[in-house]
Amino acid sequence: MKILQLHSNFIEYRPIEKEIPSAEETEGRSYRLEDLIVLFTCVEKGDNIEVARRAIEEVKGFLENIKVNRILIYPYAHLSSNLAPPSEALRILEEMRVYASSLGIEAYRAPFGWCKEFSISVKGHPLAEQFKSISPGERAEGGEVVSKALEAEEKIVSHWFIIKPDGSMIPVDEFDFSGHENLKKFAAYEISKVRAVQQTPPHVTLMRRLELADYEDASDPGNFRWYPKGNLIKSLIEEFVTEKVTAYGALKVETPIMYDIKHPALANYLHRFPARQYIVKSEDKELFLRFSACFGQFLMLSDAQISYRHLPLKIYELTHYSFRREKSGELAGLRRLRAFTMPDCHALCADMEQAKEEAIKRFKLSMETLEGIGLTRDDYELAIRFTKDFYEENKDFIVSLVKIFGKPALAEMWDERFFYFVLKWEFNFVDNLDKASALSTDQIDIENAERYGITYVDEKGEKKYPLILHCSPSGAIERDIYALLEKAYRIQKMGGTPMLPIWLSPTQVRVIPVSENFNREAEKIAEELIRRNIRADWDDRPLTMQKKIREAEMEWIPFIVVVGQEEISTGKLAVRDRRIRREQRIRRMSLEELVNEIKKETEGKPFKPLTLPIALSKRPRFYG
RNA sequence: GCCCCGGUGGCUUAGCGGUUAGAGCAGCGGCCUUGUAAGCCGCGGGUCGCGGGUUCGAAUCCCGCCCGGGGCUCCA
């Protein structure tokens with residue numbers, strides 16, 4: 001159906017003569033209507049009642065906007081070369097009028113099948129003239145790749161339980177959540193999907209104030225800019241996760257970020273994955289930007305020679321970036337982005353026994369990863385999702401995950417399998433707005449080896465399809481930072497001092513001279529700390545010491561060293577330790593003791609220098 | 001994507017039909033120079049998100065778009 005929609009001061013029309021034998025009967029007089037929307041409407045082959053109604057619903061929205069409630073449906077064949085038969089067209093036009101009337105719109109229809117003369121006066125505002133095209137069964141426009149999984153998921157029947165570490169499985173509504181408030185929030189979020197908070201997420205304010213990251217208007221929503229401090233934190237976490245995963249034995253690789261949308265193995269997978277893609281056009285090809293490392297790794301593995309002796313075979317990539325063109329309303333600060341950095345580790349396993357064994361290793365790896373980043377077991381909740389069949393055959397395995405986790409977990413059981421996996425678990429963080437987001441996750445995939453032609457040769461020399469585990473031990477790096485910031489905010493709200501883990505603090509030690517006379521000493525101390533691989537800087541700006549301390553505190557710097565005559569004479573530094581409560585916050589210690597304490601605190605974590613000048617007067621402000 | 005809310009110097013904001021749009025912070029210039037969360041004075045800086053409309057007159061009212069937030073929905 002095509003509609004030319006005109007916001008008119010008036011229209012006058014007069015039927016002259018019948019164009020077709022089936023024309024409606026009508027008086028030959030002139031008709032005039034004022035202050036209305038005229039809909040020159042063309043019914044096309046295949047249009048149905050649903051199209052008629054949808055057209056009216058769209059028009060109704062417009063009527064409400066411009067505060068008009070009168071329409072004229074004017075049959076107008078010239079808008080299409082694919083006309084519906086006249087009888088059908090008449091039926092649909094009449095349906096439009098009746099439906100409009102039922103919605104309280106004052107609706108008229110010009111007679112069908114006549115040659116008419118008309119005069120019209122169209123208003124001059126920008127919205128006055130519009131063209132609409134409505135086709136039957138139309139869902140998304142623009143020939144976009146819409147996931148079948150998205151549609152399938154709407155039909156999924158889920159059963160919700162809480163599994164306790166002792167193995168008992170209790171329907172969610174019978175579980176006593178006392179002592180498990182966070183799990184209660186998480187379960188409520190997952191099941192009822194109801195939340196009623198309306199405010200900027202705390203981490204968004206913090207990521208800007210701390211000059212970590214910000215929105216970039218010139219890009220697509222959900223694509224962020226990262227300032228030096230944010231980039232440092234992000235790359236430290238990336239390196240930490242990479243070290244963990246490679247220590248676990250994964251082979252680190254790199255694969256392209258875009259793929260041909262028409263590639264046979266990929267086209268199918270696209271439909272099985274519930275996400276929308278960015279499309280890049282290149283000459284006559286269309287490519288989609290990856291939303292995970294799956295394709296690249298699967299294509300690589302399908303070309304590899306793999307023996308049962310190599311299994312379980314682990315392969316890893318840190319996707320910088322993965323892209324998911326989430327609907328604009330779903331984006332939220334660092335919690336939900338369109339471009340994000342995600343570690344993705346696949347494991348090929350010979351059979352379900354090996355897969356379960358490997359899954360347990362990865363489960364532990366994920367806990368160690370999150371806890372290394374700076375979250376504790378209290379900060380995240382476990383969800384396990386599986387099919388009914390899988391549960392019945394692998395109950396012990398599911399319970400063993402909960403046992404390792406050590407807290408009750410939310411379980412979702414599906415009657416049927418809609419996805420490529422039979423089991424999936426995630427660690428979820430619940431934020432200050434009671435929203436839950438997945439961090440670590442792993443899946444047992446029973447479908448993609450075959451789809452991608454990934455095989456291994458077993459003991460008998462036969463080709464077999466392995467099972468594939470898909471794990472992100474930390475989840476998106478941006479989301480880890482979101483969790484750390486939300487956690488810090490929560491601590492502050494409860495009267496504590498917010499801070500980042502010391503290994504992630506952009507400045508670990510700030511040196512402040514009591515006056516300009518001690519600038520030289522302050523600089524020397526900062527330089528010495530830097531020489532010892534500690535991120536130190538010094539405040540050389542012409543401000544009062546009090547103000548410098550205040551600013552250092554607002555930057556969440558873990559250690560502030562004030563240098564004056566006393567320190568020079570005694571050789572002991574006055575160290576303001578952020579981890580300690582107000583009263584005893586200042587500790588006397590030597591530089592050596594300070595260095596050792598930081599080294600001990602950050603042991604086993606990667607180190608990178610901060611790429612900002614050591615002297616604060618040389619630093620630009622990126623925000624505020 | 002749909003619905004609701006918002007966008008005023010770099011940041012936080014006042015003004016919400018009627019003078020040259022006002023402030024704090026930051027920046028710049030100067031003064032001050034020893035002890036743990038804001039020292040003092042001065043100066044510069046604004047197509048009031050963008051486009052259109054209404055009006056004698058628009059930051060202010062209307063429409064569209066962009067960006068952000070929230071909700072629906074969805075996910076790492």
Side-chain angles (χ1 to χ4, degrees), chain A residues 7 61-62 65-67 123-128 130 139-141 144 146-147 149-150 153-154 190 193-201 204-205 208-209 211 214-222 273-276 291-292 319 322 324-333 335-337 340-344 424 426-429 433 435-441 470-472 474-480 482-483 512-519 542-555 560-568 574-576 582 585-586 620-624:
Chain A
H7 184 193
F62 180 71
N65 274 337
I66 60 165
K67 300 189 173 62
K123 292 192 186 269
H125 67 84
L127 288 177
Q130 289 186 10
R139 294 192 69 97
E141 75 259 4
E144 151 180 72
V146 175
S147 159
L150 269 181
E153 186 155 326
E154 287 169 16
E190 283 296 312
K193 314 271 186 189
V194 172
R195 40 265 188 207
V197 198
Q198 187 145 359
Q199 67 177 87
T200 299
V204 171
T205 312
R208 303 169 98 171
R209 222 208 67 218
E211 293 190 297
D214 210 337
Y215 302 107
E216 176 51 72
D217 290 1
S219 183
D220 198 42
F273 201 92
R276 294 176 176 211
F291 44 84
S292 71
T319 68
S322 285
R324 296 186 191 175
R325 231 201 63 225
E326 309 291 6
K327 291 179 272 177
S328 55
E330 293 166 0
L331 301 169
R335 187 169 81 93
R336 194 82 185 275
L337 298 163
F340 54 97
T341 309
M342 197 171 61
D344 203 352
K424 174 191 183 187
E426 317 119 38
F427 290 138
N428 289 271
F429 179 82
L433 272 34
K435 293 178 186 258
S437 334
L439 298 171
S440 322
T441 182
H470 300 237
C471 176
S472 184
S474 63
I477 306 295
E478 292 83 354
R479 195 173 269 187
D480 294 326
Y482 141 84
I512 297 176
V514 289
S515 77
E516 282 173 24
N517 298 331
F518 297 92
N519 277 2
L543 301 171
T544 59
M545 180 203 61
Q546 285 85 344
K547 178 135 187 183
K548 291 177 184 180
I549 289 166
R550 175 180 150 86
E551 292 198 5
E553 293 283 9
M554 295 202 306
E555 273 186 61
I560 301 168
V561 172
V562 173
V563 185
Q565 189 53 53
E566 214 177 311
E567 287 70 30
I568 307 298
V575 179
R576 203 175 149 112
R582 273 231 156 93
R585 190 164 276 181
I586 296 161
R621 261 189 191 244
F622 290 98
Y623 183 86

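Atom set for the values below is all heavy atoms of this structure, side chains included, hydrogens, waters and symmetry mates excluded. Letters A, B, ... are given to chains in the order of the sequence lines, protein chains preceding strands, and every chain is numbered from 1.
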Once you apply a heavy-atom cut-off of 4.0 Å, does A:Leu543 come out as touching a base, just sugar-phosphate, or nothing?
nothing

Non-hydrogen atoms of A:Ala476 and A:Phe340 that approach each other most closely
CB-CD1, 3.8 Å

Minimum-distance nucleotide (side-chain atoms of A:Arg336 versus B:U36, B:G68, B:C74):
B:C74

Contact under 4.0 Å: A:Lys435 side-chain N or O vs B:G71 OP1/OP2:
yes

Interatomic distance, A:Phe622 CZ vs B:A26 P [rounded to whole Å]:
19 Å

Could you run down the sub-3.5 Å N/O contacts of the protein with nucleotides 31-34 of chain B?
| unit_1 | atom_1 | unit_2 | atom_2 | d |
| --- | --- | --- | --- | --- |
| B:U33 | N3 | A:Glu516 | OE2 | 3.1 |
| B:U33 | O4 | A:Glu516 | OE2 | 3.4 |

Inter-nucleotide P distance (B:G42, B:G70), Å rounded:
42 Å

Please tell me if A:Lys547 has a side-chain N or O lying less than 4.0 Å from either OP1 or OP2 of B:A26.
yes

A:Gln546 near the nucleic acid: base, sugar-phosphate alone, or nothing, with a heavy-atom cut-off under 4.0 Å?
sugar-phosphate

Separation of A:Tyr623 atom OH from B:G10 atom P, in whole Å?
12 Å

Could you give the CZ-to-C1' distance, from A:Arg325 to B:C74, as a whole number of Å?
14 Å

Given the P atoms of B:C50 and B:A59, what is the spacing between them in whole Å?
11 Å

Would you indicate which nucleotide in B:U36, B:C25, B:G69 comes nearest to any side-chain atom of A:Tyr215?
B:G69

Looking only at heavy atoms, what is the nearest atom pair of A:Gly333 and A:Val204, with distance?
CA-CG2, 3.7 Å

What contact category does A:Pro513 fall into here, base, sugar-phosphate, or nothing, at under 4.0 angstrom with non-hydrogen atoms?
nothing

Map A:Arg208 and A:Ile586 onto RNA chain B by nearest heavy atom, then report which one ends up closer to the 5' terminus.
A:Arg208

Can you tell me how far C1' in B:U36 sits from the matching atom in B:C41, rounded to whole Å?
26 Å

With a 4.0 Å cut-off on heavy atoms, is A:Ala552 in touch with a base, just the backbone sugar-phosphate, or nothing at all?
nothing

Roughly, in whole Å, what's the span from CD1 in A:Ile512 to C1' in B:A37?
10 Å

Pairing residues for A:Ser440 by the side-chain hydrogen bond (donor to acceptor under 3.5 Å, both in side chains) criterion, not counting sequence neighbours
none

Using atom CG of A:Asp214 as one end and atom C1' of B:G7 as the other, report the distance to the nearest whole Å.
14 Å

Where is the tightest heavy-atom contact between A:Leu433 and A:Pro201, given as atom of each residue plus distance?
CD2-CA, 3.8 Å

If we call it a pair only when both distances are under 3.5 Å in a Watson-Crick or G-U wobble match, what pairs with B:A37?
none

Measure the distance from CG on A:Leu331 to P on B:C72 and round it to the nearest whole Å.
15 Å

In whole angstrom, what separates A:Ile549's CD1 from B:G39's C1'?
14 Å

Can you name the nearest heavy-atom pair linking A:Met545 to A:Ile512, along with the distance?
CG-CG2, 3.9 Å

Please answer whether the main-chain N or O of A:Lys548 pairs with a side-chain N or O of A:Glu551 as donor and acceptor at a distance below 3.5 Å.
no

For nucleotides B:G39 and B:G24, find the distance between their P atoms and express it as a whole number of Å.
16 Å

Taking atom C1' in both B:A26 and B:G35, what distance in whole Å separates the two?
26 Å

Partner of B:C2 by Watson-Crick or G-U wobble geometry, both contacts under 3.5 Å, or none?
B:G71

Is a donor-acceptor contact shorter than 3.5 angstrom present between the side chain of A:Arg209 and the base of B:C11?
no

Donor-acceptor pair present, A:Arg576 side chain and B:A37 base, under 3.5 Å:
yes

Below 3.5 Å, does any donor atom in the side chain of A:Arg621 face an acceptor in the base of B:A26, or the other way round?
no

Minimum-distance pair of heavy atoms, taken over all atoms of A:Ser472 and A:Pro343:
OG-O, 2.7 Å

Give the minimum heavy-atom separation between A:Arg325 and A:Asp220, together with the two atoms involved.
CG-OD2, 4.5 Å

Please determine, for B:G17, whether a Watson-Crick or G-U wobble partner exists with both distances under 3.5 Å, and give it or none.
none

Taking the C1' atom in each of B:G49 and B:G69, what is the distance between them to the nearest angstrom?
15 Å

Check whether the side chain of A:Glu326 and the base of B:G1 form a donor-acceptor pair under 3.5 Å.
no

Expressed in whole Å, how much space separates the P atoms belonging to B:C72 and B:G57?
45 Å

Separation of atom CE in A:Met545 from atom P in B:G39, rounded to whole Å:
10 Å

Between A:Glu216 and A:Ala438, the residue closer to the 5' end of RNA chain B by nearest nucleotide is A:Glu216

State whether the side chain of A:Thr319 and the backbone N or O of A:Ser292 hold a donor-acceptor pair below 3.5 Å, judged by distance alone.
no

Are the side chain of A:Arg208 and the backbone of A:Asp214 linked by a donor-acceptor contact shorter than 3.5 Å?
no

Using the C1' atom as the reference point in each nucleotide, state the distance between B:G27 and B:U12 in Å, no decimals.
16 Å

Using a heavy-atom cut-off of 4.0 Å across all strands, would you classify A:Glu567 as base, sugar-phosphate, or nothing?
base

